[in-house]
Amino acid sequence: MTEVVNVLIVDDDALVRAGLSMMLAGVPELRIVGEAADGADVPALVESTRPDVVLMDIRMPKVDGLAATEALRRRADPPEIVILTTFDTDDHVLRALRAGATGFLLKDTPPADIVAAVRRAAAGEPILSPSVTRQLIAHVADGDDGARLRRAAEQLAELSEREREVAVAIAHGKSNAEISAELYMSVATVKAHVSRVLTKLGLNNRVQIALLVHDAGLV
């Protein structure tokens, strides 16, 4: 029997919420457990509904999706968070990913891809298109690039050579199976390396590994 994935939808646009609800409700293994129109309502809803995945808009009137994401990731057992966005919020998306969001979806993403993304998020897999990520990162003007590069390089220096190779492969958007084939190791060994990288670097997920590798100038 397929495990049911509980989904919370957070968007201030009622039409967007309705569209997502109708789309996801037609998938047997996905269950909509709640909707919210603002990030301010998210903590209580997460507490009461226990979603596996939160689809989170960024621009909302009181508490935006970035602040809500940061708050959720501080929970002891946070749900996976997928940001809903458009390209005009590139800087916010990158900050949300750094905060621990599993990935992002553009609001014009085809329905089948949204369903697949929710499934992947529930499994802890990043929803991060390498080509789109490069576009996002290219548009971010941080003003602190040199310091960020140095910090990232110092963190990655804590990894073994093999762990660094795995981290770089993750930054290129490769799956465990693809890394396994590329680096000539079993999938189980890849998973072990990923776990060690996350632990050593104090990160939440593969997305944050990818961003750190980019910060270090390795992709």
- Task: Answer yes or no: is there a donor N or O on one side and an acceptor on the other, between the side chain of Arg31 and the main chain of Asn6, under 3.5 Å?
- Result: no
- Does any non-hydrogen side-chain atom of Val54 lie less than 4.5 Å from one of Val10? yes
- Is there a donor-acceptor contact under 3.5 Å from the side chain of Thr199 to the main chain of Ser195? yes
- If we only count heavy atoms from C-beta on, is the Arg162 to Met185 side-chain gap below 4.5 Å? yes
- Query: Which heavy atom of Met60 sits nearest a heavy atom of Gly65, and at what distance?
  - Reply: CE-N, 3.5 Å
- Does any non-hydrogen side-chain atom of Val82 lie less than 4.5 Å from one of Val118? no
- Task: Examine distances only and state if a side-chain atom of Arg17 and a backbone atom of Asp11 form a donor-acceptor pair shorter than 3.5 Å.
- Result: yes
- Heavy atoms from other residues, nucleotides or ligands near NZ of Lys62 exceed 12 (cutoff 6.0 Å): no
- Item | Heavy-atom closest pair, residues Ala68 and Gly39 | CB-CA, 4.1 Å
- Query: Under the 3.5 angstrom rule, does the side chain of Thr49 hit a backbone N or O of Val33 as a donor-acceptor pair?
  - Reply: no
- Test side-chain contact (heavy atoms from CB on, under 4.5 Å) on Val42 and Leu72 and set out the steps. CA-CA 8 Å; Val42 170; Leu72 285 183; 3.6 Å; yes
- For Pro28 against Gly26, the heavy-atom pair lying closest together: CD-O, 3.6 Å
- Task: To the nearest 0.5 Å, tell me how far Glu29 CD sits from Leu24 CG.
- Result: 10.5 Å
- Item | Gap separating the CG atom of Leu84 from the CG atom of Leu105, nearest 0.5 angstrom | 6.0 Å
- Task: Keeping the roles fixed (side chain from Ser48, backbone from Ala44), state whether a donor-acceptor pair exists under 3.5 Å.
- Result: yes
- Interatomic spacing from CG in Leu156 to CG in Asp215 - rounded to 0.5 Å: 9.0 Å
- Query: Hey, does the side chain of Asp64 reach the backbone of Ala67 with a donor-acceptor pair shorter than 3.5 angstrom?
  - Reply: yes
- Task: Kindly indicate, with the supporting measurements, whether the criterion side-chain contact (heavy atoms from CB on, under 4.5 Å) is fulfilled by Ile170 and Val213.
- Result: CA-CA 9 Å; Ile170 288 172; Val213 171; over 6 Å; no
- Over all atoms of both residues, closest heavy-atom pair of Pro43 and Ala40: CD-O, 3.6 Å
- Note on the structure: The residue among Arg206, His193, Lys191 that forms side-chain hydrogen bond (donor to acceptor under 3.5 Å, both in side chains) with Asn176 is Arg206
- Of all the heavy-atom pairs spanning Ser186 and Ser180, show the shortest one and how long it is. C-OG, 3.7 Å
- So, do Ile81 and Arg73 sit near enough that their side-chain heavy atoms are less than 4.5 Å apart? yes
- Query: Is there a path from Val16 to Val63 through hydrophobic residues (I, L, V, M, F, W, Y) whose side chains come within less than 4.5 Å of each other?
  - Reply: no
- Query: For Leu183 and Val166, what are the C-alpha separation, side-chain angles and deciding distance, and is it a side-chain contact (heavy atoms from CB on, under 4.5 Å)?
  - Reply: CA-CA 8 Å; Leu183 298 181; Val166 170; 3.9 Å; yes
- Quick one: pull up CZ in Arg196 and OG in Ser160 and give me the separation to the nearest 0.5 Å. 7.0 Å
- Item | Close side-chain approach of Pro51 and Val46, heavy atoms under 4.5 Å | yes
- Is a salt bridge present between Arg151 and Glu154, judged by a nitrogen-to-oxygen distance below 4.0 Å? no
- Do Arg119 and Val27 come close enough that some side-chain heavy atom pair is under 4.5 Å? yes
- Rounded to the nearest 0.5 angstrom, the CG-CG distance for Asp108 and Asp113 is 10.5 Å
- Applying side-chain contact (heavy atoms from CB on, under 4.5 Å) between Ile32 and each of Val7, Leu8, Leu55, report the one that passes. Val7
- Got Arg75 and Glu47 here, is their nearest side-chain heavy-atom distance under 4.5 Å? yes
- For the atom pair NZ (Lys107) and OG1 (Thr109), what is the distance rounded to the nearest 0.5 Å? 11.0 Å
- Nearest heavy atoms of Glu35 and Ser21, plus distance in Å: OE2-OG, 2.5 Å
